[in-house]
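The block underneath contains the structure these notes are about, expressed in structure tokens.
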Amino acid sequence: DGGITQSPKYLFRKEGQNVTLSCEQNLNHDAMYWYRQDPGQGLRLIYYSQIVNDFQKGDIAEGYSVSREKKESFPLTVTSAQKNPTAFYLCASSSPRGYQQNYGYTFGSGTRLTVV
Amino acid sequence: RKEVEQDPGPFNVPEGATVAFNCTYSNSASQSFFWYRQDCRKEPKLLMSVYSSGNEDGRFTAQLNRASQYISLLIRDSKLSDSATYLCVVTSSGGSYIPTFGRGTSLIVHP
């Protein structure tokens, strides 16, 4: 079955450490997104990519980095510069015309990152 | 002003009740509209798209009012399993079609 796989499900980070969250999709979607969700808050856009080897900053990109070397993969690195990284991280994807044809966005099951 | 606004609730309703949520958006150039459902500690899942003419899917009805810039979701005959947070999503034109999410409306259906 097609879908988006995020790993790990839970991740613990020490102060000053970089960690990378994985996001892989086999839906043949061109666009991929990373969101952060804090308790009681909506989803905030970190980075997005609409095509391989290209990505754009979202609303809260500081302290994060991404790469898009393959269509299927869009890993997110949370760097030590991100001062409050504890949150629920969600990866999503969409087809080029999906949002135009009202197909929406497909989400992975998320990664819960905690600073210890 | 937030781009997409929702009443966070919670809406606390008995089984069988009819409940409606509204969501307002600020960008008049918005193109696509969706309602997502998010269960506690889970990822959002597409509930339904919202079409200009309004659309229905079983007990759920979605409507779009472009003049007043809001969308609505009506749930009839509420079930216990409808308890969740409902997210409004708006996608704007301009080449990027990046979705903007509301904070969500919490629904609690009790026996």
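All figures in this text were calculated on a predicted structure; none of them were measured in a lab. Lettering follows sequence order; numbering is per chain, from 1.
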> Hey, do the aromatic rings of A:Tyr105 and B:Tyr36 have their centres closer than 6.0 Å?
Replying inline: no
From [atom1] ([X]) to [atom2] ([Y]), nearest 0.5 Å:
X       : Y       : atom1 : atom2 : answer
B:Arg41 : A:Gln37 : CZ    : CD    : 11.0 Å
A:Leu43 : B:Leu87 : CG    : CG    : 6.5 Å
A:Ile4  : B:Glu43 : CD1   : CD    : 9.5 Å

> What are the residues of residues 64-92 of chain A, in order of number, with any heavy atom under 4.5 angstrom from a heavy atom of chain B?
Replying inline: A:Phe88, A:Leu90
>> Within residues 107-116 of chain A, which residues come under 4.5 Å of chain B, heavy atom to heavy atom?
In response: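 So far as heavy atoms go, A:Phe107, A:Gly108, A:Ser109, A:Arg112 are the residues that approach chain B to under 4.5 Å.
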> Is the closest side-chain heavy-atom distance between B:Leu46 and A:Thr106 below 4.5 Å?
Replying inline: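 B:Leu46 does not reach A:Thr106 side chain to side chain.
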>> Within the structure provided, determine whether A:Tyr33 and B:Ile98 are in side-chain contact (heavy-atom separation under 4.5 Å).
In response: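 They are in side-chain contact.
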Can [Y] be reached from [X] by stepping across I, L, V, M, F, W or Y side chains whose heavy atoms are under 4.5 Å apart?
X       : Y       : result
B:Tyr70 : B:Phe34 : no
A:Tyr35 : A:Phe55 : no
B:Leu74 : B:Trp35 : no
A:Ile60 : A:Tyr48 : no
A:Leu11 : A:Ile46 : yes

>> Does B:Ile108, at its CD1 atom, have more than 12 non-hydrogen atoms belonging to other residues, nucleotides or ligands within less than 6.0 Å?
In response: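 Yes, CD1 of B:Ile108 has more than 12 neighbouring heavy atoms, counting only those of other groups under 6.0 Å.
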> Is it true that atom CD of B:Glu15 has more than 12 heavy atoms of other residues, nucleotides or ligands lying nearer than 6.0 Å?
Replying inline: yes
>> At a 4.5 Å cut-off on heavy atoms, which part of B:Gln6 comes close to chain A: side chain, backbone, both, or neither?
In response: neither
>> I'd like to know which of B:Pro8, B:Pro99, B:Gly104, B:Ser106 tops the heavy-atom pair count under 4.5 Å against chain A.
In response: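 Counting heavy-atom pairs under 4.5 Å, the top option is B:Pro99.
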